[in-house]
Amino acid sequence: MLQKTPYVGSPVSRVDGPLKVTGAAFYSGDFKAKDLAHGYVVSSAIAKGRIAAIDAEEALAVPGVVQVFTHLNRPRTAWFSSNYTDESAPPGKPLRPLYDDRVHYSGEPVALVIAEDFETARHAASLVRVDYVPEAHSTDLEEERGAAYEPPKERSSAKKPNDRGDAKAAFAAAPVRIDQEYRVAAEHHNPMEPHATTVVWVGDGGITVHDKTQGVQNTQTYIHNVFSLANSKVHVVSPFVGGAFGSGLRPQYQLFLAVMAALELERSVQVVLTRDQMFTHVYRPETINSIALGANADGALQSVRHEAIAVTSHHEDHQEAVVKWSGMLYHCDNVTLTYKLAKVDTHSPGDMRAPGAAIGVYALEAAMDELACALKMDPVALRLKNYAERDEGEDKPFTSKALRSAYQLGAERFGWADRSPEPRSMREGRELIGWGMAGGVWEAKFQKSSARAVMTADGSLEVAAATSDIGTGTYTILTQIAADTLGVPLEDVTTKIGDSSLPTAPLEGGSWTAASVGTAVQLACRTLREKLFQLARGAEGSPLANMDLEQVHFAEGAIVVTSDPTRRMTLIEAMRIGGKDRIEAEETASPDKVTQAGYSSNTHSAIFVEVRVDEELGAIRVTRVVNAVAAGRILNPKTGRSQIVGGVVFAIGMALEEESLTDHALGRFMNHNFAEYHVPVNADVPEIDVIFVDEPDELTSPIGVKGLGEIGIVGTSAAIANAVYHATGRRIRDLPITIDKVLLRK
Ligand code: MOS
């Protein structure tokens, strides 16, 4: 465990904040280079078929146009689709951009126009004529659900969960039953920073790649595999990421295109996707959830069945853990969980904040609310009645689980006891008021990670790892951990991340970075501490002579004898006396395999929501949210709170606004802009009250951290939907709950 020290646990402001608000933080599309050429992507207008011909003559004739790349003149790249795979790829055949004349989905890149400036490239792209031979396509999950199948090859993050007991028989025998279908629409990633890659040609076949990514080393490996470029020739540098939420886990096609063009033209190339092109890659898959719950009259769950059918592409079996949560959130002896995919002619879906759980836990928690209504039982009481003391899905104990306190503290803060249970029973003027709640759960993971710590003669400390900060506060928490471990002021610490040449780190995803890279930084700093101590103790006449490491502590930039704080030596002195300009330590933090196999580690939450619904207009406003989170040690309550607030905002979008609509005749996402694809804006976001529940956890990670990036969204959309039911008496089971559904459906 970390010692109790000044920084960890305090609401330290983002150390990278000043850089961001002054514009000094560079994002991938901000980087410039000498002779930088700009690429603009031409996207397929059909959903499926063949390219018969491409006429680029008119585009090439535009002054300033350098080249038009298509499958016809694409430089040689790797042949096999397996070369295009990456750390986060699901089973299947990753897309190979500009590979041949086949079109797999509407919006697939079919050409890249390179020009001296962006505007010229964009104009010329409009002049590229593509003749297609369309083939019949299907983008409709409803049409394809009959052909749904259980994925033959599992994605590691979506292992098939265990069944137990006999859910069918128990359901048939249960006196109280709910059996319903819950749907979640496709949603697209819309981080502030679009996908962008700037490839800087450094000569001699070498490139520096600024890529919008959650994994600089994943990008590097992809380039190595696709372009047969030695890692020494590819330096990926991505210091800042303007939000990613899963969209940057896998290399996106602008990376391929920019690198391809740069290597062929032997000059620097930048490719930035437009906001509408952001709708041509990863999205949260539309998913149908069938949930059947059976309970006794006292509320005890007798049976849980959850079957999900999610869309995927024809080329990959994208998989998410949608149903497993239904086998672990509650105590129940009879559980059947099924997860199926249905292929449609779109690009592969991808991970989006709490992939799987955001969908599956919405459905489960909406069904639990229906069960509570059928039982005439308070929704919190129903959950406490069925509280799971261990992970019955995996048949393992939890490393820790403070969900009970989350329910209690959340309910108290919200004032849940004052709720009148009948739907439509609370109103103010023409507004119906609804109070709903739900629970959330997400996996807490600790992944193998390395980090380096370097101290220089002036006492400044640099810690480094090849992770990213996707807006989560990674820079800040790593700086806090390093400063505390060596007892130096925050200002003396520099954290370097987002660079492929730094010590190996996993993708910045799954909410595991704080626990994993945080532990690695602590380890490296501890080794550095030992080295400094050896230097200090070995000095002639050292005030630390005959001391052991256990007898001293590091504080105020010095090594201090704990029993006699007047005996001390500053770190700068230790370096000087030891004759060192620089000392360095690199360490790898690896999870304890036995612990990981023996326990189930998760974060939990209890969310309480108030909505107000205009009875005549059907307009829904979320007016209050309390999200009580149990996530182990909170390194920084300020950046931590930001994560939960962000997750809640995502959930408001998911519950009420966000929906990628497909024109099935064209096989295309239609509303690919911010006018028609609604994300919550400030006016949609109420005061969000975040509670961090005390949850000591010694098992998930050595620093007691579980991670916060994703738990904020999980269950929150269910709490909103349940509040809408409580307000209106209308149970809308397909998200988003838009005005038309509230007004027109019974
Ligand atoms: Mo997350 S969806 O692993 O960025």
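Worth knowing before you read on, the calculation uses all heavy atoms, side chains too, and leaves out hydrogens, waters and symmetry mates. Order of listing sets the numbers, starting from 1, for every ligand and every atom in it. Since this is a predicted model, take the numbers as computed values, not measurements.
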Notebook entry, point to check: Do K401 and D697 sit within salt-bridge range, that is, some charged N less than 4.0 Å from a carboxylate O?
Noted result: no
Next item on the list: Enumerate the atoms of ligand 1 whose separation from the nearest heavy atom of L249 is less than 4.0 angstrom.
Entry: 3 (O)
Check: If you measure from the Lys or Arg side-chain nitrogens to the Asp or Glu carboxylate oxygens, is any gap between E443 and K324 under 4.0 Å?
Finding: yes
Next item on the list: Give the atoms of ligand 1, by number and element, whose distance to some non-hydrogen atom of P355 is under 4.0 Å.
Entry: 2 (S)
Note to self: Out of all atoms in ligand 1, which are within 4.0 Å of some heavy atom of R353? Include the element for each.
What the structure shows: 2 (S)
Notebook entry, point to check: Can Q270 and T198 be counted as having a side-chain donor-acceptor contact under 3.5 angstrom?
Noted result: yes
Next item on the list: Identify, for atom 1 (Mo) of ligand 1, the protein heavy atom at the shortest distance, and state residue, atom and that distance.
Entry: E710 OE1, 3.5 Å
Check: Is there a nitrogen or oxygen of Q214 sitting under 3.5 Å from a nitrogen or oxygen of ligand 1?
Finding: yes
Check: Is it true that D351 and R250 make a salt bridge, defined as a side-chain N closer than 4.0 Å to a carboxylate O?
Finding: no
Notebook entry, point to check: Got the closest protein heavy atom to atom 3 (O) of ligand 1, with its distance?
Noted result: G510 N, 2.7 Å
Check: If you count the atoms of ligand 1 from 1 in the order shown, which ones are under 4.0 Å from a heavy atom of M352?
Finding: 2 (S)
Next item on the list: Show your reasoning for whether side-chain hydrogen bond (donor to acceptor under 3.5 Å, both in side chains) applies to D499 and H235.
Entry: CA-CA 7 Å; D499 183 324; H235 187 196; 2.7 Å; yes
Note to self: Suppose the criterion is side chain to side chain donor-acceptor pair (under 3.5 Å): which pairs have a residue in residues 643-656, not counting sequence neighbours?
What the structure shows: R353-Q643
